[in-house]
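The structure displayed is predicted, hence computed values, not measured ones.
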Amino acid sequence: MVLSDREIRKRIKEKKLVVMPFRDADVQPSSIDLHLGDEFLAFDNHSQSFIDTRADVKNLMKKIMVKKDEPLMLHPREFVLGTTAEWVELPDDLVGRLEGKSSLGRLGLIIHSTAGYVDPGFKGQLTLEIYNLANLPITLYPGMKICQFSFVQMTGPAQYPYGHKKLKSHYLNQKGATGANTASIWGRK
């Protein structure tokens, strides 16, 4: 069951769901619009010739900070990691779903490759996997509406929500654009 606008507002008011800052005008019929933050990570194509998923890839990307009224120019077939301006906290009985805005999708902008699923218990800013499918550059501005966040009610609370000590939750409390933790792919810390 997907939460309606009324239920989203109710849970935020009751502090059973956190979206900060919260703007009532961003609530849609079954989602809430989230805004683009000012921090990005872009591949430094000159430092390595390939991505090795068994290696630490933290030094493969460089941080880019964009001022409020200035754009980040995303060129055709270019990929960056971005972040939402909002901090979100999901309770242990809700799953979050990130989806692109159709107006941006119609320009060729993708906001997530595979990571549109947000586990119950997650806390932090959301990292976006932003890709330009268009043949022309697309400008991205901090503060612009970038995606929709919807919520799915689970049949019951998760036994081990994201961040539980039994799990290796690598992205809990993340701030800003956060790069890949490839150790998690191989079952390492």
If you compare all heavy atoms of I111 against all heavy atoms of C147, which two are closest, and at what distance to 0.1 Å?
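Looking at all heavy atoms of both residues, the shortest contact is CD1-CB, 3.7 Å.
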
Taking the side chain from Q125 and the backbone from T84, do they hold a donor-acceptor pair closer than 3.5 Å?
yes

Side-chain contact, heavy-atom cut-off 4.5 Å: L94 with P120?
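When only atoms from C-beta onward are counted, P120 and L94 do not touch, as no gap falls below 4.5 Å.
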
Does the pair R9/D24 count as a salt bridge with the N-to-O cut at 4.0 Å?
yes

Taking the hydrophobic residues Ile, Leu, Val, Met, Phe, Trp and Tyr, and joining any pair whose side-chain heavy atoms are under 4.5 Å apart, which ones share a cluster with M20?
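Grouped by the 4.5 Å side-chain rule, V18, W87 form the rest of the cluster around M20.
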
Kindly work out whether a path of hydrophobic side-chain contacts (I/L/V/M/F/W/Y, heavy atoms less than 4.5 Å apart) joins Y117 to V152.
yes

Test item: D33 side-chain N/O and K145 main-chain N/O as donor-acceptor pair under 3.5 Å:
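Side chain of D33 to backbone of K145: no pair is present.
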
Rounded at 0.5 Å granularity, tell me how far CD in E7 sits from CZ in F151.
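If we round to the nearest 0.5 Å, E7:CD and F151:CZ are 11.0 Å apart.
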
T178 side chain vs G176 backbone, donor-acceptor pair below 3.5 Å
yes

Under 3.5 Å, side chain of Y162 to main-chain N/O of Y171, donor-acceptor pair present?
yes

With a 4.5 Å cut-off on side-chain heavy-atom distances among I, L, V, M, F, W and Y, is there a chain of contacts connecting V80 to L107?
yes

Could you walk me through whether L128 and L36 pass side chain to side chain contact (heavy atoms under 4.5 Å, CB included), step by step?
CA-CA 9 Å; L128 306 171; L36 187 61; 4.1 Å; yes

Within one Ile-Leu-Val-Met-Phe-Trp-Tyr cluster: M144 and I138, side-chain cutoff 4.5 Å:
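Yes, M144 connects to I138 through the hydrophobic network.
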
Shortest non-hydrogen contact from P76 to N132?
N-ND2, 3.5 Å

Distance from K15 atom NZ to L17 atom CG, nearest 0.5 Å?
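Atom-to-atom, K15:NZ and L17:CG are 11.5 Å apart.
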
Close side-chain approach of F149 to L90, heavy-atom, < 4.5 Å:
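Heavy-atom side-chain distance check passes, below 4.5 Å.
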
Closer than 3.5 angstrom, by distance alone: can the side chain of E86 be matched with the main-chain N or O of V19 as a donor-acceptor pair?
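Answer holds: no.
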
Y141 side chain near K68 side chain, heavy-atom distance below 4.5 Å:
no

Side-chain contact, heavy-atom cut-off 4.5 Å: V66 with L140?
no

Could you report the tightest heavy-atom contact between V27 and F22, atom names first, then the distance?
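Result for this residue pair: CG2-CE1, 3.7 Å.
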
To the closest 0.5 Å, what do you measure between NZ (K101) and CG (L109)?
12.5 Å

For residues A158 and P161, report the shortest heavy-atom separation together with the two atoms involved.
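Smallest heavy-atom distance, with atoms named: O-CD, 3.6 Å.
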
Between F40 and K63, is the side chain to side chain contact (heavy atoms under 4.5 Å, CB included) condition met? List the steps.
CA-CA 6 Å; F40 299 87; K63 185 188 290 190; over 6 Å; no

For the student: nearest non-hydrogen atoms of H35 and G143, plus distance:
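Shortest heavy-atom separation between H35 and G143 comes out as CD2-O, 3.1 Å.
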
Main chain of A177, side chain of E39: is a donor-acceptor contact present, judged purely on distance under 3.5 Å?
yes

Results of side chain to side chain donor-acceptor pair (under 3.5 Å) for T127 - residues two or more places apart only
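By the side chain to side chain donor-acceptor pair (under 3.5 Å) rule, T127 matches Q174.
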
Nearest-0.5 Å distance that lies between atom CG in L72 and atom CE in M65:
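Reported to 0.5 Å precision, the distance equals 12.0 Å.
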
Is there a continuous path of hydrophobic side-chain contacts, each under 4.5 Å between heavy atoms, that joins L98 to L172?
yes

With rounding to the nearest 0.5 angstrom, report the CD1 to CG distance, I32 to D5.
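So the gap between those two atoms works out to 11.0 Å.
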
Just so I know, are the side chains of H112 and E99 near enough to count as touching, which here means a heavy-atom distance under 4.5 Å?
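Counting from C-beta outward, H112 and E99 do come under 4.5 Å.
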
Closest approach of E129 to F79 (non-hydrogen atoms, all atoms of both residues)
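For E129 versus F79, the nearest heavy atoms are CB-CE1, 3.7 Å.
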
pair L3-K10: side-chain heavy atoms closer than 4.5 Å
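Result no, sub-4.5 Å side-chain heavy-atom pair not found.
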
Examine Y131 and L81 and state if one hydrophobic cluster contains both, with Ile, Leu, Val, Met, Phe, Trp and Tyr joined whenever side-chain heavy atoms are less than 4.5 Å apart.
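Yes.
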
Between the side chain of S31 and the main-chain N/O of S150, is any donor-acceptor distance below 3.5 Å?
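Absent.
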
Atom pair CD/CD1 of Q28 and I8 - distance to nearest 0.5 Å
9.0 Å

Side-chain donor or acceptor of Q153 paired with backbone N/O of D93 under 3.5 Å
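It does hold such a pair.
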
Does atom NZ (K123) have a neighbourhood of more than 12 heavy atoms from anything else shown, all under 6.0 Å?
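Count not over threshold, so no.
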
